[in-house]
Amino acid sequence: MNKNNQKITIQNLILHYSDGTESLQDISLDIPAHAITVIFGPAGGGKSSLLRVLNRLNDLVDVVKLEGEVYLDDLDVLSPKTDVIALRRRVGMVFARPVVLPMSIQENITYGLEIAGIKDDQRLEDSLEKAALWEEVKDRLDDPAVTLSGGQQQRLCLARVLALEPEVILLDEPTSGLDPISTGKVEESLQALKEDYTIVLVPHSVQQAARTADYAAFFLQGKLIEYAPGNLLFTNPQDQRTQDYVEGRFG
Amino acid sequence: MTNGPRATLDRKMQERLDSILVLGSMVEQAITGSVRALKDRDLNAAQEIYDNDRAINNKRYEIEEQTLSIVATQQPMARDLRILSSVLDIAGELERMGDYAKGIARITIRLGKEAPLKALHRIPKMADLTADMLHRAVGSFVELDEETARAIPDEDDKVDELYNALYREILDIMFEDRSTVDRATFHLWVSHNLERAADRVTNICERTVFTVTGNHIEFDRSDDESGEF
């Protein structure tokens, strides 16, 4: 991997929760720009913890130990001096279940922009276009967002993130509740978006990991077991544990 | 293979490997049978082998269809995927080897009851070596036995030596007695078919190494397809 192309650099990251349920053990990982990096593995492996570290959502939970370094370009993500709000504007996140605001479709996009003090009417259409939702909602922008289907709501959440023009998009099982068609649309959106963004995806299945990954990192019980280009990791994994997992021998 | 969450995939994969064993056995019998028919001038047996090539082809297509079905329905990965990709490839190699046996049977039919050449004695030896290599190569694939797969291609040298010796001998026969040219050429074709079949055994061994290790390798060979005529 080309070092100059790294967007996020993680060095010797250690994370323990107060209840000890999940942790990250000495994780070092470089995440390249303009690619989809997939973080996958069985439940409890540390995938979501890692995502939440990247935009400091872990500040909201009880962490007893957090060591190591995480850099977004030259920004020290874990430094207490880091402006977390500014960081989260650069590193957006989409969750497993779509969380639309109890507002109209349009307001779901413009609300964040208003809070950020951004006046740019074009961003509404642009973000919905990028999330592959514009054609489906352009004639009903004033309808309540909750009237959209699950797949549309999830793409609205993606559009809401995109409207703030982040540099990195984190997605935590964004299609776990979606039908195959909606899943396909979200995955296609990600393929187009990676041209302009750095995408870190926790997939909802090994198959989705294989379909989408430019790079794939296999996590097991808090450890990074193997990290490789997706086309290699899913056809010729080097670690027996990775092979057993992707072949469905445990999970 | 395990029970548990992937019992269906394991069962279907085992069935495909069993099918490769069956196809390998069909081709092995076709090769030895075609040369035996040539040696014995048994035209009925030759015709049977010629006709039976259709069954070999059908078996190959059956394996291909069922393997694609596993890929589509089970989404295999890693070594599973390499096994299935190799099943497709090896089924193709075996089917082509069956074509070589069919070609030998056709030559036997064309030769009819003409007297054999004295150089013929090397041909059954070539066939036996090739069939034996084939048998073990298919076995090593099914067992994912990399060590055996790496050892077999060296034996191809023996087949090549027999082929080269036979080639020179047949040329000598042609020079000595021009009336033998037709028969001698047919025998040359037979030996060439066997030599090509042995080369395809090496291909199978290469696929086995790929299946086990994920790395493509190419065993050294004294000739290649460009030598085909």
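Scope of the values below: all heavy atoms of this structure, side chains included, with no hydrogens, waters or symmetry mates. Proteins get letters first, then strands, A, B, ... in listed order; numbering begins at 1 in each. Because the structure is predicted, anything quoted here is derived from the model rather than measured.
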Is [X] atom [atom1] crowded by more than 12 heavy atoms from other residues, nucleotides or ligands, each under 6.0 Å away?
X        : atom1 : answer
B:Glu48  : CD    : no
B:Glu143 : CD    : no
A:His204 : NE2   : yes
A:Gln207 : CD    : yes

Report the distance from atom [atom1] of [X] to atom [atom2] of [Y], rounding to the nearest 0.5 Å.
X        : Y        : atom1 : atom2 : value
A:Gln240 : B:Arg79  : CD    : CZ    : 7.0 Å
B:Gln74  : A:Glu247 : CD    : CD    : 13.0 Å
B:Met77  : A:Leu233 : CE    : CG    : 9.5 Å

* Contact origin within B:Ser85 toward chain A - heavy atom pairs under 4.5 Å ->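 For B:Ser85, neither part sits under 4.5 Å from chain A.
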* **Student check: side-chain heavy atoms of A:Val246 and B:Asp80 closer than 4.5 Å** =>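 They are not in contact (no side-chain heavy atoms under 4.5 Å apart), so the answer is no.
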* To do: Write down the atom of B:Arg82, the atom of A:Asn236, and the distance for their closest heavy-atom approach.
  =>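 Closest heavy-atom pair between B:Arg82 and A:Asn236: NH1-OD1, 3.3 Å.
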